[in-house]
Amino acid sequence: MPHMAIEYSANLDAKVDMSDLCALVSRIILASGLFEPGAIRVRAFRAEAYAIADRLPENGFIDMNFRIGKGRSEAEKKSAGEAIFAAVTDHLSSLFATPHFALSLEIREIDAELSWKKNAIHPRLRSK
């Protein structure tokens, strides 16, 4: 269950194609080999209201929250996080050319006892 939620400040709309960013993150997650393709979810949420640092209007952020199921080693989680962060950092390099952008990523493990799922995509992809 790798679910990536990307929250971003609304002032990035003209600077970042969020569909491209979601596709990039999805490819990196899949390339890690740690997750089944049918379980990968990447989505972006626009934050209309926000206050960043010194509240300059040009300040922007992207916060990535990566929720995964248990079963991966610390080294695997770290490797996946580093690959995602490096790819996104590279993709957004133009934003780092200004002193007004912040990027973050956090990986959280989901407690299997408190998580319910039903996925009709798995059988289709597993049969390939």
(message) When you compare the side chain of M18 with that of R46, does any pair of heavy atoms fall below 4.5 Å?
(response) no
(request) Give the minimum heavy-atom separation between N59 and Y50, together with the two atoms involved. (result) O-CE1, 4.1 Å
(message) Taking side-chain contact (heavy atoms from CB on, under 4.5 Å) as the definition, give me every residue that meets it alongside R126, ordered by chain and number, with sequence neighbours left out.
(response) E36, H122
(message) With rounding to the nearest 0.5 angstrom, report the CZ to NE2 distance, R67 to H3.
(response) 6.0 Å
(request) Give, for atom CD1 of I84 and atom CD1 of I29, the distance between the pair rounded to the nearest 0.5 Å. (result) 4.5 Å
(message) So, using salt bridge (Lys or Arg N to Asp or Glu O under 4.0 Å) as the criterion, who are the partners of D63 when residues are at least two apart?
(response) none
(message) So, using side chain to side chain donor-acceptor pair (under 3.5 Å) as the criterion, who are the partners of S9 when residues are at least two apart?
(response) N11
(message) Just verifying a value: how many Å separate I62 CD1 and K15 NZ, rounded to the nearest 0.5 Å?
(response) 11.0 Å
(request) Would you list the pairs meeting ring-ring contact (aromatic ring centres under 6.0 Å, His included) in which at least one residue belongs to residues 55-93, sequence neighbours left out? (result) F35-F66
(request) Inspect the contact between E76 and K78 and indicate whether a charged nitrogen and a carboxylate oxygen are less than 4.0 angstrom apart. (result) no
(request) Have a look at S32 and tell me which of L34, L30, I28 forms a side-chain contact (heavy atoms from CB on, under 4.5 Å) with it. (result) L34
(message) Could you check whether any side-chain heavy atom of H100 comes within less than 4.5 Å of a side-chain heavy atom of L56, counting everything from C-beta outward?
(response) yes
(message) I need the I6 CD1 to F45 CZ distance, nearest 0.5 Å.
(response) 9.5 Å
(request) Not counting sequence neighbours, which residues clear salt bridge (Lys or Arg N to Asp or Glu O under 4.0 Å) with K77? List them please. (result) E74, E109
(request) For L125, enumerate each residue passing the side-chain contact (heavy atoms from CB on, under 4.5 Å) test, keeping only those at least two apart in sequence or located in another chain. (result) P37, I121, K128
(request) Decide yes or no for V25 and V88: does some side-chain heavy atom of the first lie under 4.5 Å from some side-chain heavy atom of the second? (result) yes
